[in-house]
Amino acid sequence: MSGGFKSYVNMNEVEKTEPESQKKDVKKIANEVFGGPMEPKLLPGELVIAEGHNVLKFNSTDDFNHGVSGALFCTNFKISFVTANRSSYDLGELRQRNQLLSEHDIALTCVEAVYQVWNGKKKRLPPGSNIQGRVGILEIHCKDFRILPFSFKFTPKEAERNVVNAILHHAFPTSLDLLFAFEYNPGKNLRIGIADTPEFRAVKDWERELSRVHPSGWRVSFANTNFKMSDTLPEQFIVPSSLSDHDLNNSSPHFVDGRVPLWSWSHQNGSSLVRMVELRSDTTQTQYLESMLRAIESTHPERTKASVIDLARLCPSPKYIQVAYYKLRDLCMPASAEDFWAADQKWYSLLDGTKWLQCVSACLSVSSAVAERIAGSRQTVVLREYDGRDLSCVVASVVQLILDCHTRTLVGFQALVQREWVVCGHRFTDRLHHVHAKDKDNEESPVFLLFLDCVWQLLQQFPSCFEFTETYLTTLWDSARVPLFATFLFNSERDRYVACMDAKRDKNDNTSPTLMPVWDWSLQFSDQDRLLFNNPLYGGKLAEYFPEHPSNGPTVVPPNPTNTLGSFKSRNKWKSKKKKQAGASTQVSFTTPSTPSFNGPLFPINIGAGLKLWTQCYMRWIPWAHTVGGGPPSEYFHQCLLVDELHILNMKIHSLEMSKPDEHNTSRESGMFFTFESPRGFDANDSLTSAFPYSPIGSMDRKSIVGTPLFSFLRRMSVSSYNGAAANGDD
């Protein structure tokens with residue numbers, strides 16, 4: 001690299017020092033401004049499709065005045081901007097560093113839209129189109145709410161056209177087999193470290209889950225082997241023992257997509273949680289539905305009648321969720337500082353107008369009511385949804401998080417997602433819009449993000465009850481849009497199988513593609529960065545130091561038979577916030593413990609001030625909204641130091657209690673990202689922002705948000721204030 005490399009360019013200065021006589025000599029000027037050739041880091045099987053040098057990457061918050069110079073590449077996996085400039089992250093080792101995607105990389109499946117900015121006007125470029133002339137400034141909008149502008153002012157016209165056209169074609173694939181997951185070729189040195197996370201593609205995983213919860217009257221069915229009964233169910237699943245596989249095959253044609261009812265979970269009191277689809281509209285054989293319900297009720301020790309919950313009436317539809325998401329995205333992706341501060345003046349009304357938190361509230365409310373019926377009223381609950389692949393995934397998962405402490409561990413949560421979402425057929429291809437087929441309707445809807453938001457709400461209200469952190473949840477959502485991992489690529493297990501067979505047939509060596517699971521986090525992050533997933537407040541961790549603390553015992557939920565479920569549409573007809581809160585509070589009253597143990601049931605506040613905006617996920621790229629030295633990351637820093645110090649003291653006590661103390665055997669591995677003995681030599685008040693570990697500290701001229709509505713909103717994002725929170729919710 002040239003010693004005189006200048007990587008940070010002030011566009012105003014370039015214009016001033018460029019006389020009219022030099023404007024035609026663009027190449028000469030560019031060579032003085034930019035350095036030598038730069039190359040991206042490629043994964044096995046990754047190929048460069050197009051590249052353009054002498055590109056400027058702007059900060060979208062700086063009105064295109066300053067740019068970092070480098071080269072822009074489009075590969076079959078990502079859009080990569082390579083620069084010799086030092087990372088803009090001043091705290092290099094404190095930022096979460098993805099080993100697959102660098103700071104300036106964008107996974108192709110993370111691209112939401114591509115715009116051309118010319119003379120202050122913005123034009124959206126259609127996917128798959130070909131541009132012929134100059135673009136000027138290319139603005140890439142990402143699904144993680146980033147906005148990345150690039151200028152081709154000094155780039156040769158042909159290179160500019162090749163890069164832009166490559167992005168327009170490869171960021172919007174028309175079929176699944178075009179995704180990088182089918183091109184990735186790690187070779188013989190592949191190491192997949194997911195031994196602790198079951199994938200539920202083997203009988204032993206289902207049998208292990210049955211033995212964990214000990215339900216009576218349930219068995220593993222093989223009726224769908226080779227997907228001969230249903231294209232959207234897994235090959236093995238759990239059904240009532242009283243039903244034979246022959247019974248299932250006879251009943252299957254009368255249910256939507258052939259999906260017979262399937263077991264999700266059972267409580268220790270004998271009640272179960274079951275997912276069921278509707279009968280097909282062209283069938284009149286209601287006896288099959290009745291026989292299924294009788295079989296489900298026979299698994300209950302008291303043979304009580306099952307409660308059938310109609311999720312279409314109680315929860316927002318996928319289309320409603322998508323509209324709310326679009327409004328939330330627009331709010332959290334300001335195009336300029338002026339737009340941000342204009343929105344701040346009416347922040348609360350704009351946030352309320354998105355209806356996103358209403359969607360979260362509805363799912364938490366229904367899940368809480370279902371959990372209370374199972375644990376309190378000792379009733380088996382059947383979740384009914386048209387095709388059983390969207391809101392039933394959300395509610396079934398949240399119910400288990402409320403009642404089953406195992407699902408709040410890292411491995412337990414991953415197993416929950418794998419079982420209730422991946423193998424049970426949530427339509428990830430459609431809902432995450434991985435494929436942009438022109439002849440197919442857009443069925444995009446971030447149902448999975450809605451679920452993660454519900455989990456985040458629980459984590460905020462019960463921070464000592466989850467082994468993982470919000471950084472883990474944000475990372476999981478980011479990973480859902482990395483086309484290397486097959487976990488969140490397909491609509492069903494059958495689609496996964498067919499795609500593998502097609503890819504194997506197309507290969508010359510007739511070998512199956514190596515589809516990587518997302519659960520092997522070592523592929524993306526170092527051992528140190530994975531410590532960001534560990535929650536310092538987790539009761540299971542603190543129980544090692546305080547084994548006799550009363551909060552470590554189980555908590556009993558008294559029955560509350562007065563709960564009623566109100567429809568989602570009726571709840572959203574309330575006009576004012578006061579009416580919303582008052583109306584919701586009169587619908588249901590939960591009897592909940594004020595200080596739940598980490599392994600007890602959790603009934604969240606699901607209305608009003610109990611719900612927060614997941615700022616780390618949605619606002620991490622908005623620098624004006626960040627607080628330096630404050631917010632949850634500052635609390636997380638001090639919590640890590642406290643737990644690490646407890647670990648040191650515990651080890652010293654253990655050493656002293658031994659007959660021959662040996663300080664060399666004292667473990668320093670507390671599992672915390674920040675440690676007490678070596679706090680990385682920085683002051684958290686000056687070094688961390690509220691967007692840690694994502695957004696950098698930039699040298700920007702920003703006015704303070706103190707005293708604004710947004711500041712008041714962010715001030716309430718205190719983890720400590722929600723420990724043990726429980727209150728009335730909308731049922």
Side-chain angles (χ1 to χ4, degrees), residues 176-177 179 181-182 184 186 190-213 215 218-239 245 248 252 257-265 275 388-389 392-393 396-397 400 406-407 410-429 431-432 434 448 476 479-480 482-505 511-523:
L176 270 179
D177 61 300
L179 296 178
F182 297 96
Y184 182 63
L190 174 65
R191 179 180 63 86
I192 302 180
I194 59 164
D196 294 331
T197 301
E199 294 191 277
F200 293 95
R201 296 189 176 105
V203 180
K204 63 179 182 179
D205 293 336
W206 293 100
E207 292 177 341
R208 188 180 298 115
E209 183 65 14
L210 281 176
S211 64
R212 186 183 71 83
V213 297
W218 299 91
R219 69 175 182 90
V220 179
S221 170
F222 300 90
N224 200 39
T225 300
N226 297 325
F227 308 103
K228 60 185 179 183
M229 186 178 72
S230 172
D231 290 344
T232 64
L233 285 175
E235 291 192 274
Q236 300 95 30
F237 54 95
I238 297 174
V239 298
D245 285 355
L248 297 175
S252 173
D257 293 337
R259 293 175 65 95
V260 295
L262 64 156
W263 174 90
S264 284
W265 183 76
R275 294 168 57 177
R389 303 169 70 183
S392 64
C393 299
S397 301
Q400 293 176 63
H406 173 70
T407 62
L410 185 63
V411 172
F413 180 77
Q414 294 180 166
L416 174 71
V417 172
Q418 185 72 26
R419 184 179 72 250
E420 297 293 344
W421 291 81
V422 179
V423 301
C424 282
H426 178 64
R427 297 190 295 165
F428 284 106
T429 305
R431 296 309 188 203
L432 296 182
H434 289 317
F448 187 59
L476 183 59
S479 300
V482 176
L484 171 63
F485 303 111
T487 305
F488 304 122
L489 281 189
F490 304 101
N491 280 339
S492 65
E493 284 294 280
R494 183 183 181 277
D495 282 3
R496 182 182 188 275
Y497 173 79
V498 171
C500 287
M501 292 298 100
D502 290 345
K504 179 179 180 180
R505 185 176 60 252
T511 58
S512 298
T514 305
L515 296 182
M516 305 300 298
V518 75
W519 310 126
D520 183 8
W521 296 108
S522 64
L523 292 173

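Here the structure is a predicted model, which is why all the values come from computation and not from measurement. When a residue number appears, it is its place in the shown sequence, counting from 1.
- Remark: aromatic rings of Phe200 and Trp206 are close, center separation under 6.0 Å.
- How far OG1 of Thr197 is from CD of Gln418: 8.5 Å, rounded to the nearest 0.5 Å.
- A donor-acceptor pair is defined here as one N or O able to donate and one able to accept, closer than 3.5 Å; such a pair exists between the side chain of Arg275 and the backbone of Glu420.
- Among residues two or more places apart in sequence or in another chain, the ring-ring contact (aromatic ring centres under 6.0 Å, His included) test is passed with Phe448 by Trp421, Phe428, Phe488.
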*Does the pair Ser230 and Asp257 meet the rule for a side chain to side chain donor-acceptor pair (under 3.5 Å), with working shown?*
CA-CA 6 Å; Ser230 172; Asp257 293 337; over 6 Å; no
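- For the atom pair CD (Gln400) and NE2 (His406), the distance works out to 10.0 Å, reported to the nearest 0.5 Å.
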*Mind running side-chain contact (heavy atoms from CB on, under 4.5 Å) on Arg201 and Val422 for me, showing each step along the way?*
CA-CA 10 Å; Arg201 296 189 176 105; Val422 179; 4.1 Å; yes
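- The minimum heavy-atom distance between Leu489 and Pro483, with the atom names listed, is CD1-O, 4.3 Å.
- Side-chain contact check for Glu493 versus Glu235: every heavy-atom pair is 4.5 Å or farther apart.
- Looking at Ser252, its side chain never comes within 3.5 Å of a backbone N or O of Leu248 through a donor-acceptor pair.
- Using a distance-only test at 3.5 Å, with no hydrogens or angles considered, no donor-acceptor pair links the side chain of Ser264 to the main chain of Ala396.
- Val213 is not listed as a side-chain neighbour of Trp218, based on a closest heavy-atom distance of 4.5 Å or more.
- Of all heavy-atom pairs spanning Ala181 and Leu484, the tightest one is CB-O, 3.7 Å.
- Between Glu207 and Lys204 there is no salt bridge, since none of the side-chain N atoms of the basic residue sits less than 4.0 Å from a carboxylate O of the acidic one.
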*asked:* Apply side-chain contact (heavy atoms from CB on, under 4.5 Å) to residues Arg219 and Val239 and explain how you reach the verdict.
replied: CA-CA 6 Å; Arg219 69 175 182 90; Val239 298; 4.1 Å; yes
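- Using a distance-only test at 3.5 Å, with no hydrogens or angles considered, a donor-acceptor pair links the side chain of Arg259 to the main chain of Cys424.
- No side-chain heavy atom of Asp502 sits under 4.5 Å from any side-chain heavy atom of Asp177.
- When the shell of 6.0 Å around OH of Tyr497 is examined, it contains 12 or fewer heavy atoms from other residues, nucleotides or ligands.
- When all heavy atoms are compared, the tightest approach of Phe237 to Asn224 is CE2-CB, 3.9 Å.
- Between atom CG of residue Asn491 and atom CG of residue Leu176 there is a gap of 7.5 Å, rounded to the nearest 0.5 Å.
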*Stepwise, does the side-chain contact (heavy atoms from CB on, under 4.5 Å) test hold for Tyr184 with Leu179?*
CA-CA 9 Å; Tyr184 182 63; Leu179 296 178; over 6 Å; no
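- By the 4.5 Å heavy-atom criterion applied to side chains, Trp265 and Thr407 are not counted as neighbours.
- Residues Ser492 and Asp231 share a closest heavy-atom pair of OG-O, 3.3 Å.
- For the atom pair Leu210 CG and Asp205 CG, the distance stands at 11.5 Å (nearest 0.5 Å).
- With rounding to the nearest 0.5 Å, the separation of CG in Asp245 from OG1 in Thr225 is 7.5 Å.
- Looking at every heavy atom in both residues, Leu515 comes nearest to Ala486 through CB-CB, 3.6 Å.
- The backbone N or O of Arg427 sits nowhere less than 3.5 Å from a side-chain atom of Arg389 that would complete a donor-acceptor pair.
- Between Phe222 atom CZ and Gln236 atom CD the span is 6.0 Å, to the nearest 0.5 Å.
- Contact between Phe182 and Ala499 at its shortest, heavy atoms only, is CZ-CB, 3.7 Å.
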*Tell me, with the steps shown, if Trp263 and Glu209 meet side chain to side chain donor-acceptor pair (under 3.5 Å).*
CA-CA 11 Å; Trp263 174 90; Glu209 183 65 14; over 6 Å; no
